[in-house]
Amino acid sequence: MSGAGRSVKNTAKNVSLLVLVALLGLLCAANWLTGLNIAQMPGDSPLRQAHDRLFGGAVGYELRSSGVAAAEPAQLALSADGQLYGVQYNLTEIDAGLETVRGLWAEALSGGVLAEAAEDELNAALRAGDCAVLRYHGAIPLGVIANWMGGAWQSELAAETLVYAAGAEQLFVRTETGAVYAAPVKVSQGTLEAAQKSFRGLTCKFAGGAYAVFPETLLFDSETLSLPLLTAEAPALLDPQSGTGLETLLGAFKYTPYARPYSESGGQVRVYVDDVSTLRIGASGLIQYAAAGSDSTVRAYDEGEASGSAALDAQLDCARLILDAALRAAETDTHASLYAVQQDGDRTTLVFLQMYGGVPILGDSDFATFVFRDGALSSATIRLQRFRAGEIKRTVLPARQAAAGADGTKRDLMVAYRAEENRYVPGRFYL
């Protein structure tokens, strides 16, 4: 064979090898992406967008949706072998429990017709067999909770507590007003048993009809919830030595770090202005954003891109990402949790609580409020604080004793921090 012929043959082999290496690299990358917990990635990250384009299932606004819930439950419970087990007010235990029961709730929240139900009906269902409980700090639209769990439910009800009663084959929904609704639901026996096999928690019981609280209230057999006292201080957002915190906060509201501000209140407030919006950052931690209607530079979705529950999901995601950035900027040890959703025509208002280790921190005003109009952020208020846990801890009154001391109409119980003499003190409160 001539030298020219051998050269052509070698070139062809080299090209084939390069193509094979490239294909192998693509297969490895695709396999790696498949194994990632892609729902935990920011929606605007290149890796998340690459995953969505490779495997589908995301178009338009969904490319910017992280898929991460804007609120975690306050309590979870599941019965097994005739005993009820629960977890509460602990992020690690809540996360682990949620992964265990997610499949159960995906089936339970896959459609049905809710009708008003009586307390006695719920109380009887709690005694009829296996049960699962999912309780939130605030009232969250049932459709939103269903989406977080992997199910689908069309309902305008806002739920605080969900109870799946396997024995009665019913789903019960407790709303923010205390009303109870029920729908016929059946979770497969295999799904229920798989959740029961993996779920871990402390033994507890339902309050039932023996106390003046809601019958699905969890009463733990040996509850010793001991929480530290907290002291609060203002974040150092305006401190020249605060690093990139201010830039992170500006970026969350689509302001560049080169935007020129002016000062108010003797330098205690810095104001940023662009063509359509104003951002006020106070040394106290008060953040206020206002835009000129639909001209806002912060949009949850573009016009005509989403509607109905998809629009609400996109707005929740937009607010959550801003809050995550704000909390990082202030270097807090807290996170935000959705508390309430109000919808009126094209206006959506979202209210968030500030949480320390899974326990709400209550102040005189809401921690964060976002108002959207047609997908555009028209206003936002965030009250940032840093919290430091002291060495002194306080044991919270157990739910069993609190339920025994309740009187009057049935009420809910909540553990939270409240301000007392320049400290935030944990306690249990009637709602």
Side-chain angles (χ1 to χ4, degrees), residues 71-79 83-89 94 97 101 104-105 108-109 114-142 145 155 157-183 185 201-221 223 225 337-340 353 358-360 362 396-416 427-431:
E72 290 190 336
Q75 294 177 319
L76 292 170
L78 181 64
S79 58
Q83 175 62 56
L84 187 66
Y85 300 91
V87 293
Q88 62 174 350
Y89 299 107
I94 290 289
V101 301
L104 184 158
W105 284 109
L109 295 172
L114 288 163
E116 288 191 50
E119 295 280 347
D120 290 344
E121 186 179 354
L122 170 57
N123 201 5
L126 296 176
R127 301 191 302 268
D130 290 327
C131 290
V133 178
L134 182 64
R135 176 176 171 266
Y136 287 89
H137 291 292
I140 302 174
L142 184 59
I145 297 176
S155 174
L157 287 179
E160 287 190 346
T161 306
L162 304 177
V163 177
Y164 169 64
E169 295 187 355
Q170 282 185 298
L171 173 74
F172 291 88
V173 177
R174 173 84 63 183
T175 70
E176 74 276 17
T177 64
V180 178
Y181 292 80
V185 165
L202 299 176
T203 57
C204 56
K205 296 181 176 63
F206 291 116
Y211 303 90
V213 293
F214 294 141
E216 72 275 16
T217 300
L218 300 178
L219 306 181
F220 286 79
D221 293 341
E223 184 178 20
L225 192 59
S337 181
L338 181 66
Y339 178 72
L353 289 170
V359 180
L362 305 181
V396 177
L397 179 68
R400 187 180 296 275
Q401 281 86 331
D407 56 15
T409 59
K410 289 180 171 62
R411 288 178 272 186
D412 201 359
L413 297 175
M414 177 184 185
V415 174
R428 193 179 295 275
F429 305 96
Y430 299 108
L431 298 179

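Just so it is clear, the values below take in all heavy atoms, side chains as well, and ignore hydrogens, waters and symmetry mates.
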Any heavy-atom pair between the side chains of [Y] and [X] that's under 4.5 Å?
X	Y	result
T203	Y85	yes
E119	V180	yes
L109	L171	yes
L114	V173	yes

Return yes if some donor-acceptor pair links the side-chain N/O of [X] with the main-chain N/O of [Y] below 3.5 Å, else return no.
X	Y	result
Y430	A402	yes
Y164	W105	no
E223	A399	yes
T161	R135	no
Q83	C204	yes

Would you say that more than 12 heavy atoms from the other residues, nucleotides or ligands in this model lie under 6.0 Å from the OH of Y136, or not?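 More than 12 heavy atoms, drawn from other residues, nucleotides or ligands, come within 6.0 Å of this atom.
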How long is the straight-line distance from [atom2] of [Y] back to [atom1] of [X], given to the nearest 0.5 Å?
X	Y	atom1	atom2	answer
L76	L218	CG	CG	9.5 Å
E216	L162	CD	CG	10.0 Å
L84	L202	CG	CG	11.0 Å
L362	M414	CG	CE	5.0 Å
I145	E160	CD1	CD	9.5 Å
F172	E121	CZ	CD	4.5 Å

Do we get R411 above F214's six-membered ring, with its NZ or CZ under 6.0 Å from the centre and within 45° of the axis?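 Not satisfied by the 6.0 Å and 45° rule.
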Pairing of D412 and R174 as salt bridge, 4.0 angstrom limit: no
Where [X] and [Y] come nearest, the two heavy atoms and their spacing:
X	Y	value
A125	C131	O-SG, 3.9 Å
P215	L126	O-CD1, 3.5 Å
A403	L219	CB-CD2, 4.0 Å
A416	V359	CA-CG1, 3.7 Å
A158	E176	O-OE1, 3.1 Å
A117	A182	CB-CB, 3.8 Å

V185 vs Q170, test: side chain to side chain contact (heavy atoms under 4.5 Å, CB included). Steps then yes/no. CA-CA 5 Å; V185 165; Q170 282 185 298; over 6 Å; no
Could you walk me through whether R127 and F206 satisfy the side chain to side chain contact (heavy atoms under 4.5 Å, CB included) test, starting with their C-alpha distance in whole Å, then the side-chain angles of each, then the deciding distance to 0.1 Å, before giving a yes or no? CA-CA 9 Å; R127 301 191 302 268; F206 291 116; over 6 Å; no
